[in-house]
Number of protein chains: 2
Amino acid sequence: MKPETRTRELISRLARLDAAGSWEGDLNPTQRAALNYLAHANRFSRSPSHVSSYLGTTRGTTSQSLKSLLLKGYVEEKRSTQDKRVVRYDLTNKGWNISHSTTPLEDVLASLAKDEIAVLQDALTTSLQTALAQNGNQEFGICRTCIHHKPRIKGAYCTLLETELSTPETDQICAEQVRA
Amino acid sequence: MKPETRTRELISRLARLDAAGSWEGDLNPTQRAALNYLAHANRFSRSPSHVSSYLGTTRGTTSQSLKSLLLKGYVEEKRSTQDKRVVRYDLTNKGWNISHSTTPLEDVLASLAKDEIAVLQDALTTSLQTALAQNGNQEFGICRTCIHHKPRIKGAYCTLLETELSTPETDQICAEQVRA
DNA sequence: TTGCAATAGTTTCGAGTCGCTACTAATAGT
DNA sequence: ACTATTAGTAGCGACTCGAAACTATTGCAA
């Protein structure tokens with residue numbers, strides 16, 4: 001079998017195993033994925049559109065998943081006052097608690113050698129970036145690594161959103177991020 | 001973010017992208033995964049039970065997926081004469097044709113450097129083996145690497161199934177495989 | 001300013017996955 | 001012969017997913 005075929009199969013099987021084994025609490029894999037995204041995204045990137053773009057599904061599907069998360073009390077809705085169309089979803093305490101728990105796959109990955117996981121992460125990152133670029137998708141990288149990111153003495157400044165950012169925020173996922 | 005968390009996220013996103021982009025023909029991701037398995041599994045490992053064990057779903061779900069594949073003409077049913085309970089699914093010509101097509105993710109992986117994909121494959125293989133071992137799942141490795149595999153001048157002999165195997169068959173997936 | 005296009009989000013529909021339980025048929029063990 | 005086990009299927013309810021239709025809001029431009 002060609003190495004790329006074999007590797008694709010490995011990725012698919014690992015993801016499948018992970019999804020099956022991560023029915024933590026009353027969250028299914030998709031809901032868990034959405035929650036994970038919301039836990040790491042900055043305050044400008046937590047709308048249904050952003051979630052659906054990140055997960056690669058339609059807005060309709062995402063709308064339902066978020067509604068389910070809302071109903072179960074893992075997130076809360078914040079409607080914007082500037083643009084009355086947009087909604088932002090923030091994690092509740094219950095949401096934060098569950099988002100910290102690790103999945104079986106993470107435990108396995110944690111048992112790899114330090115250099116092994118570093119190399120794995122690099123190769124996967126490269127692959128993901130290439131794949132995303134080919135589809136014209138956004139990368140959803142971390143603020144700190146963006147061309148619009150200008151470091152300040154405390155925190156940073158975003159030249160795109162024209163906003164001051166706190167230090168923890170520069171480590172969050174931003175939907176607008178463009179690699180420097 | 002911890003490297004194992006980041007890596008898990010990468011695997012999950014790549015798999016999601018791959019699944020979304022591989023709606024080749026009229027096959028959805030699960031049906032495609034089942035077809036891929038059948039394309040690489042040997043003649044002793046192509047029953048609904050084996051497919052469900054490989055994909056990590058229940059037999060009920062697999063039964064439906066296979067029924068769908070059958071209906072669409074990608075596979076055909078062969079009922080065993082020895083054990084009248086078991087069914088074997090073989091790919092039709094239509095099935096072989098589609099199983100040879102590559103997915104977008106494969107194309108991306110193929111563009112990686114040779115040593116990079118080798119290292120990637122190794123790390124993923126190790127992770128998968130560990131994860132499967134923890135769940136008590138079968139590994140579904142290749143015949144040739146099994147403790148029951150005894151090479152012959154032409155092909156091989158399996159001491160578990162007590163059967164002669166042709167050379168191509170020793171490169172196929174076997175549900176009974178146990179790493180030597 | 002008015003009007004139209006674009007955008008954010010929701011709703012609904014049909015097909016399909018998935019876990020679960022219950023079921024039939026065939027085989028294996030005692 | 002009786003029972004337990006195994007292979008496969010059927011039906012149920014919850015959910016995902018893509019697609020299309022829909023509302024509300026905003027942006028743009030004549």
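As the structure is a prediction and not an experimental result, all values here were calculated from the model.
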Measure from [atom1] on [X] to [atom2] on [N] and round the result to the nearest Å.
X: L70(B); N: dG16(C); atom1: CG; atom2: P; answer: 14 Å
X: L17(B); N: dC17(D); atom1: CG; atom2: P; answer: 13 Å
X: R46(B); N: dG8(D); atom1: CZ; atom2: C1'; answer: 18 Å
X: L69(B); N: dG16(C); atom1: CG; atom2: P; answer: 11 Å
X: L71(A); N: dC15(D); atom1: CG; atom2: C1'; answer: 14 Å
X: L27(B); N: dA15(C); atom1: CG; atom2: C1'; answer: 14 Å
X: L66(A); N: dT16(D); atom1: CG; atom2: C1'; answer: 13 Å
X: K67(A); N: dC15(D); atom1: NZ; atom2: C1'; answer: 12 Å

For this session: Would you mind building the protein contact string for nucleotides 24-30 of chain C? One character per nucleotide, 5' to 3', B for base within reach (heavy atoms under 4.0 Å), S for sugar-phosphate only, - for untouched.
Result: -BBS---
For this session: Just call it for S47(B): base, sugar-phosphate, or nothing, with non-hydrogen atoms closer than 4.0 Å on any strand.
Result: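 Counting heavy atoms under 4.0 Å across all strands, the contact made by S47(B) is with sugar-phosphate only.
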Exercise. Does R88(B) pair with D90(B) as a salt bridge, N-O distance under 4.0 Å?
Worked result: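 Yes, this pair counts.
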For this session: Flag the pair E169(B) and R43(B) as a salt bridge only when some basic side-chain nitrogen lies within less than 4.0 angstrom of an acidic carboxylate oxygen.
Result: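 Result for this pair is yes, salt bridge flagged.
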Strictly below 4.0 Å: does [X] bring a side-chain N or O up to OP1 or OP2 of [N]?
X: N28(A); N: dT16(D); value: yes
X: S49(B); N: dG8(D); value: yes
X: T62(B); N: dG8(D); value: no
X: T61(B); N: dC18(C); value: no
X: R16(A); N: dC18(C); value: yes
X: T30(A); N: dC17(D); value: yes

Side chain of [X]: nearest nucleotide among [options]?
X: Q31(B); options: dT10(C), dT17(C), dC15(D); result: dT17(C)
X: R59(A); options: dG16(C), dT10(C), dA10(D); result: dT10(C)
X: K72(B); options: dT9(D), dG16(C), dT17(C); result: dG16(C)

Problem set entry | Residues which pass salt bridge (charged side-chain N to carboxylate O under 4.0 Å, His left out) with E9(B), listed by chain and number, not counting sequence neighbours |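 Expected list: none.
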Are side-chain heavy atoms of [X] and [Y] found at a separation under 4.5 Å?
X: V87(A); Y: S47(A); value: no
X: L69(A); Y: Y89(A); value: no
X: R13(A); Y: L132(B); value: yes

Exercise. Relative to the 5' end of DNA chain C, which residue comes earlier, T58(B) or Q64(A), by the nucleotide with the nearest heavy atom?
Worked result: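 In this pair, the answer is Q64(A).
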For this session: Measure from NZ or CZ of K150(A) to the centre of the six-membered ring of Y157(A) and say whether it is under 6.0 Å with the direction within 45° of the ring axis.
Result: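 Because its charged atom misses either the 6.0 Å distance or the 45° angle limit, K150(A) does not stack over Y157(A).
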Exercise. Applying the 4.5 Å side-chain criterion to the ILVMFWY set and letting contacts propagate, would V86(A) and F140(A) be lumped into a single cluster?
Worked result: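 As far as the 4.5 Å side-chain criterion goes, F140(A) and V86(A) are not connected within one cluster.
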